[in-house]
Amino acid sequence: MTVLQKLEKLKYFNLHTGTIPIRDYEHQPIECILYELHNKLMICRGTNNISSGGKNGFYVDVYYLPFQANSGTYIDVPLYSKHGTYFFTDNLSGCCVGFKIEKYSIRICHYNLTNRLFSNNDLSLYNTWLLPSGSTAGKYYQNMNLRNKYIYQIGNNHGKRTCIWGEYSFNYGWIFFYQTPDFKIHQITIF
């Protein structure tokens, strides 16, 4: 069962920041657990949360891109995956996520730049962007002439943030989604 199929019966997906340590981030898939807890779909490294009330957990191979304050990180996910079936990054509360298809991979970046804005040169490094709105930076990005951009509303719906993930299918390749705090799921088309 995919994350998207699970969310059809549950309402909200949440990636616990810090449950997958940055030291495990090596551009390789890592084993994680997807599980339900308090009517939410969660992911973590290890079994603590399943043994303390989680249910219906299952192991998945994950390409994980960590968040780093006032910095940017990236990962190259193979176009044709033999191992990793999912991609996750930390939940978004104002960060920018970029996608670029390369010869053998999809490069995905997660930028948390609270002290400066991207220039046109920065933004041109990636073909597709998920960008925040509802802030000075968001208004700036909305006015930029980008070929393929998606805007998410920065908001707080009882502590919920925008989450983003990808699912690999042998039939369709990588498909990326984001879920906003109002529980709506949107597909991201990258090129």
Side-chain angles (χ1 to χ4, degrees), residues 2-8 10-20 22 25 38-43 62-77 86-102 106-167 173-191:
T2 69
V3 170
L4 191 61
Q5 290 167 334
K6 282 273 204 191
L7 285 172
E8 288 174 357
L10 300 172
K11 205 168 193 180
Y12 184 64
F13 172 71
N14 187 34
L15 174 65
H16 276 300
T17 304
T19 55
I20 304 173
I22 287 177
Y25 155 72
H38 306 300
N39 212 27
K40 292 186 254 182
L41 184 61
M42 315 285 268
I43 184 170
V62 169
Y63 288 97
Y64 173 68
L65 177 60
F67 152 89
Q68 288 185 356
N70 293 317
S71 185
T73 56
Y74 74 90
I75 189 169
D76 292 324
V77 176
Y86 291 98
F87 160 81
F88 293 105
T89 190
D90 289 316
N91 290 349
L92 309 177
S93 62
C95 298
C96 303
V97 178
F99 299 85
K100 177 183 180 182
I101 296 177
E102 297 186 323
I106 300 171
R107 177 162 286 184
I108 307 167
C109 69
H110 184 151
Y111 284 112
N112 170 258
L113 301 176
T114 54
N115 297 328
R116 75 174 186 92
L117 297 173
F118 288 113
S119 69
N120 278 327
N121 290 338
D122 293 327
L123 291 169
S124 69
L125 295 175
Y126 292 85
N127 299 331
T128 302
W129 283 97
L130 178 60
L131 301 164
S133 71
S135 66
T136 304
K139 291 174 188 166
Y140 171 79
Y141 296 134
Q142 282 183 341
N143 292 325
M144 304 221 40
N145 187 17
L146 299 172
R147 291 185 339 187
N148 197 25
K149 67 181 173 184
Y150 296 84
I151 306 294
Y152 71 93
Q153 182 68 36
I154 298 174
N156 194 333
N157 185 359
H158 306 290
K160 294 171 178 64
R161 297 177 174 184
T162 295
C163 65
I164 184 171
W165 77 95
E167 300 183 9
W174 285 101
I175 303 172
F176 296 92
F177 303 93
Y178 67 101
Q179 182 186 36
T180 49
D182 60 2
F183 308 119
K184 292 182 180 170
I185 297 172
H186 311 268
Q187 185 172 341
I188 300 171
T189 302
I190 62 171
F191 55 84

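Predicted model, so just to flag it, every value in this text is computed and none were measured.
- Side-chain contact between F99 and Y150 is absent, with no heavy atoms from C-beta onward closer than 4.5 Å.
- Looking at residues two or more places apart in sequence or on another chain, you find no side-chain contact (heavy atoms from CB on, under 4.5 Å) involving L125.
- No side-chain heavy atom of T73 sits less than 4.5 Å from a side-chain heavy atom of C109.
- When each of I106, I108, T89 is paired with I75, the side-chain contact (heavy atoms from CB on, under 4.5 Å) condition holds for I108 and for no other.
- Taking CD1 of I185 as the reference point, atom CD of Q179 lies at 5.0 Å (rounded to 0.5 Å).
- Among all heavy-atom pairs drawn from N148 and T189, the shortest one is ND2-O, 2.6 Å.
- The structure places CG of N127 at 9.5 Å from CD of E102, a figure rounded to the nearest 0.5 Å.
- Between Y86 and F88, the two ring planes are parallel [angle under 30°; tilted spans 30° to 60°].
- The two residues G98 and Y126 make their nearest non-hydrogen contact at C-CD2, 3.7 Å.
- For the residue pair L130 and I188, the shortest heavy atom distance occurs at CD2-CD1, 4.4 Å.
- Across every non-hydrogen atom of C96 and L131, the tightest pair is SG-CD2, 3.7 Å.
- Judged as a ring pair (Phe, Tyr, Trp, His ring centres under 6.0 Å), and not counting sequence neighbours, the contacts of Y178 are H186.
- Here the closest heavy-atom approach between residue Y152 and residue G94 is recorded as OH-N, 2.9 Å.
- Shown here for S133 and I151, the closest heavy-atom pair between the two residues is CB-CG2, 3.3 Å.
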Side chain to side chain contact (heavy atoms under 4.5 Å, CB included), that's the test. Do F87 and L65 meet it? Break it down for me.
CA-CA 8 Å; F87 160 81; L65 177 60; 3.8 Å; yes

